[in-house]
Amino acid sequence: MIIIGSDHGGLTLKTALNSYLQRRGYEVSDAGTNSDSSVDYPDFGQKVAETVIKGGAELGILICGTGIGMSITANKIPGVRAALVTDVFMARMAKEHNNANILVLGGRVLDEQKACDLVGAWLDAEFEGGRHQSRLDKISALEKKYCQ
Ligand code: RB5
């Protein structure tokens with residue numbers, strides 16, 4: 001299961017990515033928003049991030065206008081590794097090196113084809129573990145120290 005959420009700035013891309021994911025055979029949960037009305041991105045970032053952390057979805061995708069607000073929001077939740085990416089190399093590295101469990105995109109930054117390419121690169125990549133796992137362990141230690 002992949003959960004996907006956006007604010008109004010990411011709605012168009014969310015709709016396109018939802019179709020792309022379903023065409024690729026993924027089960028998709030849509031966390032909203034589902035209208036053009038202005039909403040607050042932290043509400044949707046929280047919903048997607050908490051669902052991933054609680055095991056309700058394996059992975060999440062978040063989209064706002066730039067992706068910046070969603071990435072700031074999602075990375076507040078301990079255990080989330082949300083990666084804001086703008087090219088295919090970053091999307092692949094987000095999984096191979098960072099094991100990102102949430103991919104973040106900018107709806108006002110990317111066209112639909114590019115966004116699908118980024119999501120595909122992230123989904124098709126595999127975490128390499130090893131030295132990258134020990135770096136993630138250091139991030140977990142920071143969460144333990146600062147996120148009480
Ligand atoms: C909403 O106008 C916009 O601020 C939001 O989509 C996002 O870009 C924030 O980081």
Side-chain angles (χ1 to χ4, degrees), residues 1-128 132 135-136 139-140 142-148:
M1 169 78 79
I2 299 180
I3 184 163
I4 184 165
S6 76
D7 71 356
H8 51 289
L11 176 60
T12 304
L13 214 52
K14 176 166 71 64
T15 306
L17 288 173
N18 197 332
S19 305
Y20 167 75
L21 290 167
Q22 291 191 47
R23 278 200 305 278
R24 286 200 48 177
Y26 289 95
E27 198 183 343
V28 183
S29 168
D30 186 341
T33 189
N34 286 308
S35 90
D36 287 335
S37 306
S38 181
V39 291
D40 297 332
Y41 59 81
D43 297 335
F44 298 88
Q46 177 182 0
K47 191 169 172 185
V48 167
E50 287 182 346
T51 300
V52 170
I53 288 312
K54 288 175 182 165
E58 227 177 291
L59 296 170
I61 296 173
L62 282 168
I63 312 148
C64 61
T66 58
I68 295 170
M70 284 297 198
S71 64
I72 292 171
T73 301
N75 279 311
K76 295 293 181 200
I77 285 89
V80 165
R81 292 177 303 278
L84 171 58
V85 302
T86 54
D87 67 37
V88 165
F89 176 72
M90 291 173 76
R92 185 161 58 81
M93 286 298 118
K95 180 70 77 55
E96 289 184 357
H97 287 193
N98 310 110
N99 202 17
N101 47 11
I102 295 183
L103 196 74
V104 189
L105 304 172
R108 294 172 180 153
V109 179
L110 303 169
D111 64 31
E112 290 183 11
Q113 184 57 56
K114 182 82 178 276
C116 292
D117 290 347
L118 300 188
V119 169
W122 173 63
L123 289 173
D124 293 342
E126 289 197 13
F127 179 50
E128 289 178 357
H132 303 295
R135 290 161 186 167
L136 298 189
I139 296 173
S140 300
L142 283 173
E143 288 176 339
K144 285 202 182 75
K145 184 172 179 186
Y146 290 104
C147 305
Q148 303 292 342

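Quick note: numbers below take in every heavy atom, side chains included, and nothing from hydrogens, waters or symmetry partners.
- The salt bridge (charged side-chain N to carboxylate O under 4.0 Å, His left out) search around D124 returns R24, not counting sequence neighbours.
- Remark: Q22 pairs with N18 by the side-chain hydrogen bond (donor to acceptor under 3.5 Å, both in side chains) rule, at least two apart or across chains.
- Not counting sequence neighbours, the partners of D40 by the side-chain contact (heavy atoms from CB on, under 4.5 Å) test are P42, D43.
- Residue pairs meeting the ring-ring contact (aromatic ring centres under 6.0 Å, His included) criterion with at least one partner in residues 15-39, sequence neighbours excluded, are absent.
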Item to complete: Could you please spell out the steps behind the side-chain contact (heavy atoms from CB on, under 4.5 Å) verdict for L84 and T66?
Response: CA-CA 9 Å; L84 171 58; T66 58; over 6 Å; no
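- The shortest heavy-atom contact between V48 and G60 is CG1-CA, 4.0 Å.
- Evaluation of the salt bridge (charged side-chain N to carboxylate O under 4.0 Å, His left out) test over residues 86-96, restricted to residues two or more places apart or in two chains, returns R92-E96.
- L11 has its side chain within reach of D36: a pair of non-hydrogen atoms, C-beta onward, lies under 4.5 Å apart.
- Not a single salt bridge (charged side-chain N to carboxylate O under 4.0 Å, His left out) links E50 to another residue, sequence neighbours left out.
- Other residues, nucleotides and ligands contribute only 12 or fewer heavy atoms inside 6.0 Å of the CD atom of E58.
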Practice prompt. Evaluate the criterion side-chain contact (heavy atoms from CB on, under 4.5 Å) for residue pair L17 and C116; output intermediate values, then yes/no.
Written response: CA-CA 6 Å; L17 288 173; C116 292; 4.0 Å; yes
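- With contacts defined as side-chain heavy-atom distances shorter than 4.5 Å, the pair I3/V28 does not qualify.
- In summary, of the residues considered (L103, I61, L118, L21), a side chain to side chain contact (heavy atoms under 4.5 Å, CB included) with L123 occurs for L21 alone.
- Once rounded to the nearest 0.5 Å, the distance linking OG of S29 with CE of M1 reads 5.0 Å.
- Considering only residues two or more places apart in sequence or on other chains, S35 meets the side-chain hydrogen bond (donor to acceptor under 3.5 Å, both in side chains) condition with S37.
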Practice prompt. Start with the C-alpha gap between I139 and R135, add the side-chain angles, then the distance that decides, and say whether side-chain contact (heavy atoms from CB on, under 4.5 Å) holds.
Written response: CA-CA 7 Å; I139 296 173; R135 290 161 186 167; 5.9 Å; no
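- Judged as a ring-ring contact (aromatic ring centres under 6.0 Å, His included), the pairs with a partner in residues 44-103 (not counting sequence neighbours) are, in order, H97-H132.
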Distance-only donor-acceptor hits, side chain of residues 67-82, under 3.5 Å, sequence neighbours excluded:
| residue | atom | partner | partner atom | Å |
| --- | --- | --- | --- | --- |
| S71 | OG | G67 | O | 3.2 |
| S71 | OG | I68 | O | 3.0 |
| T73 | OG1 | G69 | O | 2.8 |
| N75 | OD1 | A82 | N | 2.9 |
| N75 | ND2 | S71 | O | 3.1 |
| N75 | ND2 | A82 | O | 3.1 |
| R81 | NE | N98 | O | 3.2 |
| R81 | NE | N99 | O | 2.9 |
| R81 | NH2 | N99 | O | 2.9 |

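- Pairs passing the ring-ring contact (aromatic ring centres under 6.0 Å, His included) check and including a residue from residues 100-124, sequence neighbours excluded, do not occur.
- Residues A121 and V88 come closest through the heavy atom pair CB-CG1, 3.8 Å.
- In plain terms, the two heavy atoms of A31 and G5 that are nearest each other are CB-CA, 4.3 Å.
- The side-chain heavy atoms of L105 and V119, taken from C-beta on, include a pair separated by under 4.5 Å.
- Between the CD1 atom of I4 and the OG1 atom of T15 there is a distance of 8.5 Å, given to the nearest 0.5 Å.
- In this structure D117 satisfies the salt bridge (charged side-chain N to carboxylate O under 4.0 Å, His left out) test with no other residue, sequence neighbours excluded.
- For residues 4-19, every residue pair satisfying the salt bridge (charged side-chain N to carboxylate O under 4.0 Å, His left out) rule, not counting sequence neighbours, is listed here: K14-D30.
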Practice prompt. Kindly indicate, with the supporting measurements, whether the criterion side-chain contact (heavy atoms from CB on, under 4.5 Å) is fulfilled by S6 and L13.
Written response: CA-CA 9 Å; S6 76; L13 214 52; over 6 Å; no
